Number of protein chains: 2
Amino acid sequence: MFVKGLKCRECGRKYPKEPIFVCEWCFGPLEVEYDYSAIKKVFSQKELEKRPPNIWRYRELLPIDGEPVCGLNTGFTPLFSAQNLAQALGIKKCYIKDDSVNHPTLSFKDRVVAVALSKAREFGFKTVACASTGNLANSVASQSRASGFDCYVFVPYDLETSKILSSLIYGVNLVAVYGNYDEVNRLCAEIAMTFRWAFVNVNLRPYYAEGSKTYGFEIADQLGFRAPQNIVIPAASGSLVTKIYKGLAEFYQLGLIPEFKTRFFIAQAEGCAPIVNAFKEGANIIKPVKPKTIAKSIAIGNPADGVYALEIVRKTGGYAEAVSDEEVIEGIKLLAETEGVFTETAGGVTVAVTKKLIEKEILPRDEEVVICITGNGLKTQEVVVNHLKPLIRIKPNLEDFKKHIKGGE
Amino acid sequence: MFVKGLKCRECGRKYPKEPIFVCEWCFGPLEVEYDYSAIKKVFSQKELEKRPPNIWRYRELLPIDGEPVCGLNTGFTPLFSAQNLAQALGIKKCYIKDDSVNHPTLSFKDRVVAVALSKAREFGFKTVACASTGNLANSVASQSRASGFDCYVFVPYDLETSKILSSLIYGVNLVAVYGNYDEVNRLCAEIAMTFRWAFVNVNLRPYYAEGSKTYGFEIADQLGFRAPQNIVIPAASGSLVTKIYKGLAEFYQLGLIPEFKTRFFIAQAEGCAPIVNAFKEGANIIKPVKPKTIAKSIAIGNPADGVYALEIVRKTGGYAEAVSDEEVIEGIKLLAETEGVFTETAGGVTVAVTKKLIEKEILPRDEEVVICITGNGLKTQEVVVNHLKPLIRIKPNLEDFKKHIKGGE
């Protein structure tokens, strides 16, 4: 209804609303274009406050024309002031935007999948599919059930057990590919050209990616309709960074937030930091890397939206930083021990990078920062299992307990 | 503010608001007593609609006097119409109340713990503790961090790995006891008498248990202020059953719902079904059993509130039923494959019992049922790992994919 069509991000060429993703002329990525003046007439803070707390409250800014087929319980996850963590980090104010409890599969991917499957239905697809590092697979698998699609998910063969299991549980077709994510992704692009399937992050990518804007909308909404001073975002393809930016920019353009001066910070793992490398080298292109990190959910060596994410970091006065796998584990534990939130490796990256940026005096200590927690720690248990406080083992009687407490404390 | 004090459920003797849980005279359990006429003056549907979507929107009906110390993002989990599941079960209408995405630790225990820790602060405790089959341990561990308590959690030594890990991650003291839950519980009662600690489900039990009412409040609230026709609830101690009943009864008494004729159904695993046994034998007392089931989170052989739960089932015209471990696994898979929700073993019990009750024509097919999903499947992965559809393993090229699709489908 409010979608005008697709538009090439590079050359500006326009395309109709179809399941396409690349400009035929310049090979630039296609983006959804909206009729903002029409949206402005119906979309306001007052109107928003009446709507249910899920991603579809922002539906005029999402690329579907009819009714959504899923995601009615997705989004509007907690945004909370994390004062224990702020104190530990030595910063004035810190917020956690917590998608580790997103419905149904505990990651921010539930947002993009709800949008993609709703669009897939409009396009008449019967089968949905994706290339994934795990979280996306879980979400496509789950949401394909509730909305009645056939489903194929493609993952690298060496994924965490929990991410494999929590795709298979839904009874979908899980294809483990002997290769890394970038190889899985290339294969999926080929399959998408052969089979008439909706690959959410290939041929439906322009629509799918718009779902990530809701993460940004909610931050502004939950802060009382304003943009934060600083935000730290984990980067895989870089898409989340660009879409949080786009979401806040749209809110500003529509007059829902009074100003938009947020500085954007990117967090990556040292074992897969192509965007951070480019930032630090002052480069305008992203040199692909071969991922080697425990943070598998963000281990994309050739990030599709890397250059656009980089551009945002630079123009907002932000920074891009990476941390070691040891720091990732410390980041997971720091968030758990201060705020009681158990995040997966990507969240550990984000917390650890925030800490590093504060220590390096890049993030000002007298400002506020929003830390983006995008997934749940139960999916990457293997990385922390050998880094925990030991169990106290006792017999079921008071004497044995007292003995161990004295000795063990 | 609205709490008059404690009252013995058996003999009616009254006690002041203190961290006590048993009647000194008749050894009956103590319950929180409210001033409903005072509550009625300030608590209404219209007032509720203005409040944020978390458990504290019902604060007049919760047993704290001051401000809560945690739980501001807990509760108001999805209640959704599960039409695929209803169709699979052959019933007219089915709702899932889904605490598998509760904040912060993905189970209904986050509700009771938020209430208990807020009360522990009011009583001046510095250390919180619990006896747990896993989910409670996770929640006490997590929420003790956000609210600044020292923390000891006690669990049976043979708990699922994920439940151990997702307590330890918060850096608390985890005591693994060589014994089953009932032995852990007895030990904790002894420790509670020796140390000045707030055992959430021992000396704070009257306050703690009130938190479960929010699960019932939300069902009525989310159904548009009415009670459902039928509800199937998993039973461990039986407390959740009694508190959902109490919650709906309070809403009825306060005029928030027009009638309250819900039939209550109890779900247990055959390997630990003391309440179901008593129901089927027509007994008024519960004979303790030695648990032997994969549904460890509800494996309580000597259920503290069993008789009260039983009473509710009988007086509402409900039923109590048990299922085998194989049926539990089928229940988990059925919910995942129809609705895209991955629940733990307790949820598998509830779904499987619902199926059995419908097949036995005890649950009328032309009515609606609310199925209580109280925890997340990522915590009990080991039980399903050998019951999944096989992976399709391929090389990263189109030919190999086509070969496997043809052969494998």
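Computation of the quantities below employed the complete heavy-atom set of this structure, encompassing side-chain atoms and omitting hydrogens, waters and symmetry-equivalent molecules. Letters A, B, ... mirror the listed sequences (proteins, then strands); counts begin at 1. Every value quoted in this text rests on a predicted model; they were computed, and no experiment measured them.
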Roughly how far apart are B/E339 CD and A/S147 OG, rounded to 0.5 Å?
10.5 Å

Is the shortest heavy-atom distance from the side chain of A/F80 to the side chain of B/H103 under 4.5 Å?
yes

So do B/Y157 and A/L391 actually touch side chain to side chain, heavy atoms under 4.5 Å?
no

Can you tell me which portion of B/L72 sits under 4.5 Å from chain A's heavy atoms? Options are side chain, backbone, both or neither.
neither

Could you look at B/V155 and say if it's the side chain, the backbone, both or neither that has a heavy atom under 4.5 Å from chain A?
neither

Heavy-atom pairs under 4.5 Å with chain B are the metric here; pick the option from A/R145, A/E49, A/K333 that has the most.
A/R145

Can you find a heavy atom in the side chain of A/T194 that is under 4.5 Å from one in the side chain of B/K402?
yes

Quick one, B/S162 and A/Q381 - any side-chain contact, counting heavy atoms below 4.5 Å?
yes

When A/T105, A/T161, A/V172 are compared by non-hydrogen pairs under 4.5 Å with chain B, the top option
A/V172

A/F342 side, atom CZ; B/N138 side, atom CG - distance, nearest 0.5 Å
9.5 Å

Go through the steps to decide whether B/L187 and A/I394 satisfy the test side chain to side chain contact (heavy atoms under 4.5 Å, CB included), and finish with yes or no.
CA-CA 11 Å; B/L187 172 64; A/I394 64 166; 3.7 Å; yes

Can you tell which part of A/V184 gets under 4.5 Å to a heavy atom of chain B, answering side chain, backbone, both or neither?
neither

Between B/G340 and A/P104 the two heavy atoms that sit nearest each other are O-CB, 3.7 Å

Kindly give the heavy-atom pair with the smallest separation between A/V341 and B/Y170, and that separation in Å.
N-CE2, 3.9 Å

Of the backbone (N, CA, C, O) and the side chain (C-beta and beyond), which part of B/D400 lies under 4.5 Å from a heavy atom of chain A, both, or neither?
neither

So which of A/N84, A/N73, A/L165 has the largest heavy-atom pair count under 4.5 angstrom toward chain B?
A/L165

Are B/E337 and A/I169 close enough that some pair of their side-chain heavy atoms sits under 4.5 Å apart?
no

Pick one of side chain, backbone, both or neither for B/S144, based on which atoms fall under 4.5 Å of a heavy atom in chain A.
neither

Which atoms of A/N54 are under 4.5 Å from chain B, going by heavy atoms: the side chain, the backbone, both sets, or neither?
neither

Proximal component of A/I191, with respect to chain B [non-hydrogen, under 4.5 Å]:
both

Just wondering, do B/K379 and A/L378 contact through their side chains at under 4.5 Å, heavy atoms?
yes

Can you tell which part of A/L106 gets under 4.5 Å to a heavy atom of chain B, answering side chain, backbone, both or neither?
side chain

What I'd like to find out is whether the side chain of B/E190 reaches to under 4.5 Å of the side chain of A/N397, using heavy atoms alone.
no

Can you tell if the side chain of A/L174 reaches within under 4.5 Å of the side chain of B/I392, non-hydrogen atoms only?
no

Would the A/F76 and B/F76 ring centres measure less than 6.0 Å apart?
no

